There are 2 protein chains.
Amino acid sequence: MYRSHTCGELRIEHVSQPVKLAGWVQTVRKFGSITFVDLRDRYGITQLLFPEALNPQLQNQPLGREFVLQVSGTVTERSSKNKNIPTGDIEITVSDFQILNGSKTPPFTIQDDTDGGDELRMKYRYLDLRRNLVKQNLTLRYRVNRSVRNFLDSRGFMDIETPYLIKSTPEGARDFVVPSRMNDNQFYALPQSPQTFKQLLMVSGYDRYYQIVKCFRDEDLRADRQPEFTQIDCEMSFVDQEDILQNFEEMTKHVFQEIKGITFNEPFPRMTWDDAMKYYGNDKPDIRFEMKLVDLGETARGNGFKVFDEAELVVGINAGGCSEYTRKQLDELTDWVKRPQIGMTGLIYIRYNTDGTLKSSVDKFFNEQALQLFADQCQAKPGDLILILAGKEERTRKAMSELRLEMGERLGFRDKDVYKPLWVIDFPLFEYAEEDNRWVARHHPFTAPKPEHIHLMDDLSQYAKIKANAYDIVLNGTEIGGGSIRIFQRDLQEKMFAALGMSKEEASHKFGFLLGAFEYGAPPHGGIAFGFDRFCSLLGGSETIRDFIAFPKNNSGRDVMLDAPSEIDQVQLDELKLSLLK
Amino acid sequence: MYRSHTCGELRIEHVSQPVKLAGWVQTVRKFGSITFVDLRDRYGITQLLFPEALNPQLQNQPLGREFVLQVSGTVTERSSKNKNIPTGDIEITVSDFQILNGSKTPPFTIQDDTDGGDELRMKYRYLDLRRNLVKQNLTLRYRVNRSVRNFLDSRGFMDIETPYLIKSTPEGARDFVVPSRMNDNQFYALPQSPQTFKQLLMVSGYDRYYQIVKCFRDEDLRADRQPEFTQIDCEMSFVDQEDILQNFEEMTKHVFQEIKGITFNEPFPRMTWDDAMKYYGNDKPDIRFEMKLVDLGETARGNGFKVFDEAELVVGINAGGCSEYTRKQLDELTDWVKRPQIGMTGLIYIRYNTDGTLKSSVDKFFNEQALQLFADQCQAKPGDLILILAGKEERTRKAMSELRLEMGERLGFRDKDVYKPLWVIDFPLFEYAEEDNRWVARHHPFTAPKPEHIHLMDDLSQYAKIKANAYDIVLNGTEIGGGSIRIFQRDLQEKMFAALGMSKEEASHKFGFLLGAFEYGAPPHGGIAFGFDRFCSLLGGSETIRDFIAFPKNNSGRDVMLDAPSEIDQVQLDELKLSLLK
């Protein structure tokens, strides 16, 4: 037996018990002729006291940081207690010890405020994982996993594993492919999600399915995207949208209760996609604060100010209480919207001074009465500051959405300990892909149009108006999940494929199995998938999902610890009948 | 709301309640002017009664097998009750119905004794999954999954996800590889198991890890092997072999208790690998019956019978009570051992007749006294039959092992409802790979030799004698799990790689991260992995794991439902800088 207790469990009531501990040396301190060691494991830290008698042994086998140590001894009450740790009342008076393994000096300190940079910690991820912060993150992830499972189990959902080696059906994101050795010149694909399988399971009658499952997308990696990521994937039969929203709202509440001790007594608010775009400029509003977007077009145009007159969109927000912003602060905000990521040419402001006067950067074109109109529209009052952007519709809306978030941040409205979930509903079925010059599925090609909009699918000019029973769950401005009611009729699915520009042959080649399944009694069904990495990171109060993944990849899709991907042997290539192009 | 109840929950106490059900039409029967329909869902079957008044509607919309139907009606007591199903006391008198989806006639019947062949059912797997048998299998799998998780959770094991896109380190089985688009001419590999990651997690201090995880091996598929399969993967730190055996014996008992209601009061028996080979001829003995192998070499040789004299091994079993086997039966057994899969040239028998006389197929060479010696060695008594094989050692032992199982089968000793678990321990560290003319790791290169055998690693001639603290858990003659105590010292790991013929450069290229990790305080650790598919199939009393996988592949590694693998677009190949060789 290597240990009788962990390093986190001994208390004052264990005093005088003989114990055996094993763990890592966190620190070694000499205090006169006595040596103190903090011994660490997954469960905590326990102080060890090496009495003078062990000094000869310690001289022969000196202890260093991160050494793996096993000690026998007796629990004793500490003279100076440490109230900061649960084991702080006691220490172990060591009678015997054994070094189980040594350690080189770690390349960075194993502490919350480590001195190791990102790349270094990725390379030595096995050491980074020892840090308390990372351990807490992975523990939280594990707890969320259990909490989700317990909830879904209790609701009659069945965890059913779906395959990883499937068929490549590029549509939307790019597939990772896997050459097949047994089937010449053919490839499997790794699933972007188990979408079609969970639908087949519905056809098979497994009316409540879930899986916490890895998914794969070979996309260019923006910050904080991983080529492999984890989904909480769910599907239900004989349900409408309301059933799904209810069920997964309850799941989310259950997780918040268990993990954060937060109770949501009210139903989550719901907002249509149209309203989200109109009032927040994006489809995942952060509703921890208001500061809604206001369309100022009518008031703005026709006053001889070219910037407004030529703009597709003039949009403002009311930064409440900011009328005292200095010139310097405003210049800095202007620079902020001019950055390439935002891409505006300028920022217009109207100060609503505390004395009731109005002052703007466009006083040349607008007198105080005109400015008052803007202020009224933005529901501004003395002490407020109105910020206005004007330009091309899409870019300007997006820019204002970003500016709103930035102002929310600056004004302290985006407290990561405040959680504001939101359902965004009634998503459009299609969106126009400028680069491909065609309509693509907003969610995916299996999402059903609202029944009352099906007839619009016959008229390309009406595509933008077609809405779906598709929904996202948004938390603090981040989408944590999304889903839809699915198509379950063969003819409608074929119509959808055709609308997306897929020929009958292509549709049948790629999705023949699904179209076939729809002919044998497919029930009405729908589902949702949560981004598990993201959900965990939000629950953990972090921006980066990477901190919540045991072995993440960097922005080039590399695992720098493994040094993967890497070259493979010629014999492997030969067996796969592949040759590499330079 | 699509339904108020499922098709499995209505009872006599619900009589006169208005209800709404949805499900699949199992059968339609006309009875005079009344129509009866059995409506099926995941939870059961409920009888529907369509009164005469609905006949016009039924004529307009005739119901067929596997139609998806929604009905409103009232629960009524049945006049002729069906005691075979839980809902058999009631039926629903339908007031209104709606066909939610139609169905073509299924290509095979959705019944336990379906008329569909293997290939057809694989192609229409979504229909096969509707069959009760398959549904029970998947439900059992889900229950085992939960049972395992609950046990491991309660023991402080943490579920930690490890990556799927890793580094190719071919060693043992062949890797599936994944070309990387972002890293020219480089490949990821899919994990054959999370072995090195779970060891790194031990180095990181997560002292109890588990995962129910997909693994991948690109091997030629023998019957009932899948290219992707699921493991219950576990690892523990600061443990010795005894801790691991105890823990996972308890897990196995827990699962048996929960899933099968079977209690094992005694500890699982343990057998050394040497004994398993000696007494059962293989390393996964079916101990539901004895019929041990007996080495008859000494008695057999030197009597002028060339077959015995020239044999490396003469081995017998006592088929108790079979002395009355007819000539025909014996000829048939002889043919059985001559089949290419077994590969023997003949079978020798000795009948121990009930009258105490002995009669054999080698009476020419052995008199009754000599035959009595054989009988004594085999502990045979009147009424028994001794079967003897002779030839090359390995083939003969293997053949006798198979013959023993065959006789066990014929004698009814292999009842699938009787479960006899067994630990096989003290596996050899190495085994000799004839085809490669070198020593390979019996388990894997991370398995530690027994400390007292480490010194033998310096002498190639001693390799066969080196044993490891490696163990398998065997159930009814099938290995359901295996593991070992791991190497945790860099120098020993390097020695092991060298023993396997890996150069320092190769070892460092493939496993540098692990060797590196061992330098920073690696704790003693070990683990085990259960074959989840196999474990489930045994618990379900089936031989084929395929029945316990929702979407299995066939023997060519194809998913015939999806038609995968398949060709991919040229643009995909171009992006990956790959060209195909014919």
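None of the values given here were measured: they were computed from a predicted structure. Below, chain A is the first sequence line, B the second, and so on; all start at residue 1.
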Problem set entry | Segment of B:R65 engaging chain A (4.5 angstrom heavy-atom cut-off) | neither

Exercise. With a 4.5 angstrom heavy-atom cut-off, which part of A:R146 approaches chain B: side chain, backbone, both or neither?
Worked result: side chain

Exercise. What part of A:Q226 lies closer than 4.5 angstrom to a heavy atom of chain B: side chain, backbone, both or neither?
Worked result: neither

For this session: Identify which part of B:E242 has an atom lying under 4.5 Å from any heavy atom of chain A, answering side chain, backbone, both or neither.
Result: neither

For this session: Heavy atoms only, distances under 4.5 angstrom: which of B:A564, B:A517, B:G557 has the most pairs with chain A? Name it, please.
Result: B:A517

Problem set entry | Part of A:I110 within contact of chain B (heavy atom distance under 4.5 Å) | neither

Exercise. Between A:R208, A:Q489, A:R490, which residue shows the highest count of heavy-atom pairs closer than 4.5 Å to chain B?
Worked result: A:R208

Exercise. If you count heavy-atom pairs under 4.5 Å with chain B, which of A:N150, A:T105, A:D128, A:L69 comes out on top?
Worked result: A:T105

Problem set entry | Contact origin within A:F532 toward chain B - heavy atom pairs under 4.5 Å | side chain

Problem set entry | Pairs of heavy atoms under 4.5 Å with chain A: top-ranked of B:D240, B:I549, B:L576, B:D220 | B:D220

Exercise. Side chain, backbone, both or neither: which part of A:F197 has a non-hydrogen atom closer than 4.5 Å to chain B?
Worked result: both

Exercise. Can you check side-chain contact (heavy atoms from CB on, under 4.5 Å) on B:C536 and B:L140, steps first, answer last?
Worked result: CA-CA 7 Å; B:C536 291; B:L140 178 129; 4.2 Å; yes

For this session: Would you please say whether a donor-acceptor pair under 3.5 Å links the side chains of A:T162 and A:Q211?
Result: yes

For this session: Walk me through it: do A:R130 and A:K135 pass the test side-chain contact (heavy atoms from CB on, under 4.5 Å)?
Result: CA-CA 7 Å; A:R130 284 188 191 163; A:K135 204 164 65 183; over 6 Å; no

Exercise. Are the side chain of B:K20 and the backbone of B:M1 linked by a donor-acceptor contact shorter than 3.5 Å?
Worked result: yes

For this session: Sort A:K104 into side chain, backbone, both or neither according to what part of it lies under 4.5 angstrom from a heavy atom of chain B.
Result: both

Exercise. So which of A:V239, A:V178, A:I212, A:L165 has the largest heavy-atom pair count under 4.5 angstrom toward chain B?
Worked result: A:L165

Exercise. Are a donor atom and an acceptor atom from the side chains of A:R141 and A:N137 found within less than 3.5 Å of each other?
Worked result: no

For this session: Look up atom OG in B:S168 and atom CD in B:Q186, then write down how far apart they are to the nearest 0.5 Å.
Result: 12.0 Å

Seminar exercise, completed: Ranked by heavy-atom pairs below 4.5 Å to chain B, first place among A:R143, A:E66, A:K553, A:R174 goes to A:R174

Exercise. Which answer fits A:F67, side chain, backbone, both or neither, if we ask what part of it has an atom under 4.5 Å from a heavy atom of chain B?
Worked result: neither

Exercise. So which part of A:K123 gets closer than 4.5 Å to some heavy atom of chain B, the side chain, the backbone, both or neither?
Worked result: neither

Problem set entry | Partner chain B: residue of A:V25, A:I166, A:D559, A:V134 with the largest heavy-atom pair count (under 4.5 Å) | A:I166

Problem set entry | Nearest-0.5 Å distance that lies between atom CG in B:L562 and atom CG in A:L200 | 8.0 Å

For this session: Would you mind telling me which of B:R40, B:E567, B:E575, B:E228 has the largest number of heavy-atom pairs within less than 4.5 Å of chain A?
Result: B:E228

For this session: Determine, stepwise, if the pair A:Y164 / A:F216 fulfils side-chain contact (heavy atoms from CB on, under 4.5 Å).
Result: CA-CA 10 Å; A:Y164 278 80; A:F216 305 86; 3.5 Å; yes

Problem set entry | Atom of A:S180, atom of A:Y188 and distance for their closest heavy-atom approach | CB-CE1, 3.8 Å

Exercise. With distance as the sole test, does B:K582 use its side chain to make a donor-acceptor pair with the main-chain N or O of A:K577 at under 3.5 Å?
Worked result: no

Exercise. B:A550, B:P179, B:G64: which one forms the most heavy-atom pairs within less than 4.5 Å of chain A?
Worked result: B:P179

For this session: Please report the C-alpha distance between A:F511 and A:T169 in whole Å, then the side-chain angles of each, then the deciding distance to 0.1 Å, and finally whether the side-chain contact (heavy atoms from CB on, under 4.5 Å) criterion is met.
Result: CA-CA 8 Å; A:F511 298 110; A:T169 54; 3.7 Å; yes

Seminar exercise, completed: Answer key: most heavy-atom pairs under 4.5 Å with chain A among B:F187, B:Y43, B:F488, B:F513 is B:F187

Exercise. Checking heavy atoms, do the side chain of A:Q70, its backbone, both or neither come under 4.5 Å from chain B?
Worked result: neither

Exercise. Taking C-beta and beyond as the side chain, do B:T230 and B:V213 meet within less than 4.5 Å on heavy atoms?
Worked result: no

Exercise. What residue in A:F176, A:F551, A:Y2, A:Y520 has the most heavy-atom pairs under 4.5 Å with chain B?
Worked result: A:Y520

Exercise. For A:D207, which residues count as a salt bridge (charged side-chain N to carboxylate O under 4.0 Å, His left out) partner, sequence neighbours excluded?
Worked result: B:R3, B:R42

For this session: Name the region of A:S566, side chain, backbone, both or neither, that has any atom closer than 4.5 Å to a heavy atom of chain B.
Result: both

Exercise. Side chain, backbone, both or neither: which part of A:D574 has an atom under 4.5 Å from a heavy atom of chain B?
Worked result: neither

Exercise. Side chain, backbone, both or neither: which part of B:N145 has an atom under 4.5 Å from a heavy atom of chain A?
Worked result: side chain

Exercise. Is chain B contacted by the side chain of A:M158, its backbone, both, or neither, given a heavy-atom distance below 4.5 Å?
Worked result: both

Exercise. Given the options B:D569, B:V68, B:L573, B:N185, which has more heavy-atom pairs under 4.5 Å with chain A than any of the others?
Worked result: B:N185

Seminar exercise, completed: Applying a strict 4.5 Å limit to non-hydrogen atoms, the region of A:N183 in contact with chain B is side chain

Exercise. Side chain, backbone, both or neither: which part of A:E219 has a heavy atom under 4.5 Å from chain B?
Worked result: backbone

Exercise. Roughly how far apart are B:Y209 OH and B:D159 CG, rounded to 0.5 Å?
Worked result: 8.0 Å

